[in-house]
Amino acid sequence: ADTLLRDKHIKYFRRCLACIPQDHERLDSTRLTLAFFCLSGLDVLDAVNKAFNGEEDRQKLIDWVYSFQVLPDKEAPESNLGLCGFRCTAANGVAFNPS
């Protein structure tokens with residue numbers, strides 16, 4: 001019977017969260033999907049806590065995910081409501097600014 005190489009899978013998912021492996025660079029436009037895949041894999045392996053080297057790393061990933069979000073204009077929310085949501089790549093707009 002085949003054995004799941006748990007530690008190697010955890011290492012792979014962590015590495016993919018840190019940077020896209022060269023074989024997958026063409027997937028740059030689906031980075032959020034790749035991050036979701038990696039976090040889901042770590043969750044299945046009960047190793048999400050191993051994905052981060054402390055709270056600062058965890059917060060960096062959260063901020064990175066939110067950097068893909070397009071928020072309504074504070075002054076005139078209706079002006080860009082149709083453009084709001086998550087974009088597939090950071091090349092599509094401005095950096096995340098929570099304030």
Checklist line | Shortest non-hydrogen separation from Ser79 to Asp73 and the atoms involved | finding: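 Closest approach of Ser79 to Asp73: OG-CB, 3.8 Å.
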
Cluster check [X], [Y]: I/L/V/M/F/W/Y, side chain < 4.5 angstrom:
{"X": "Ile10", "Y": "Phe36", "answer": "no"}
{"X": "Tyr66", "Y": "Leu83", "answer": "no"}
{"X": "Ile62", "Y": "Leu32", "answer": "yes"}

Check: Residues in side-chain contact (heavy atoms from CB on, under 4.5 Å) with Leu81, at least two apart?
Finding: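 Listed in chain order: Pro72, Cys84.
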
Do any side-chain atoms of residues 42-60 form donor-acceptor pairs under 3.5 angstrom with protein atoms, and if so which ones, sequence neighbours left out?
unit_1, atom_1, unit_2, atom_2, d
Asn53, OD1, Arg14, NH2, 3.2
Glu55, OE2, Arg58, NH1, 2.8
Asp57, OD2, Asn53, N, 3.1
Gln59, NE2, Asp63, OD1, 3.0

Next item on the list: Using the test ring pair (Phe, Tyr, Trp, His ring centres under 6.0 Å), find all partners of Phe37 that sit at least two apart in sequence or belong to another chain.
Entry: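 Phe13.
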
Checklist line | Euclidean distance, Cys19 SG relative to Arg31 CZ, rounded to 0.5 Å | finding: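 The SG atom of Cys19 is 9.0 Å from CZ of Arg31, to the nearest 0.5 Å.
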
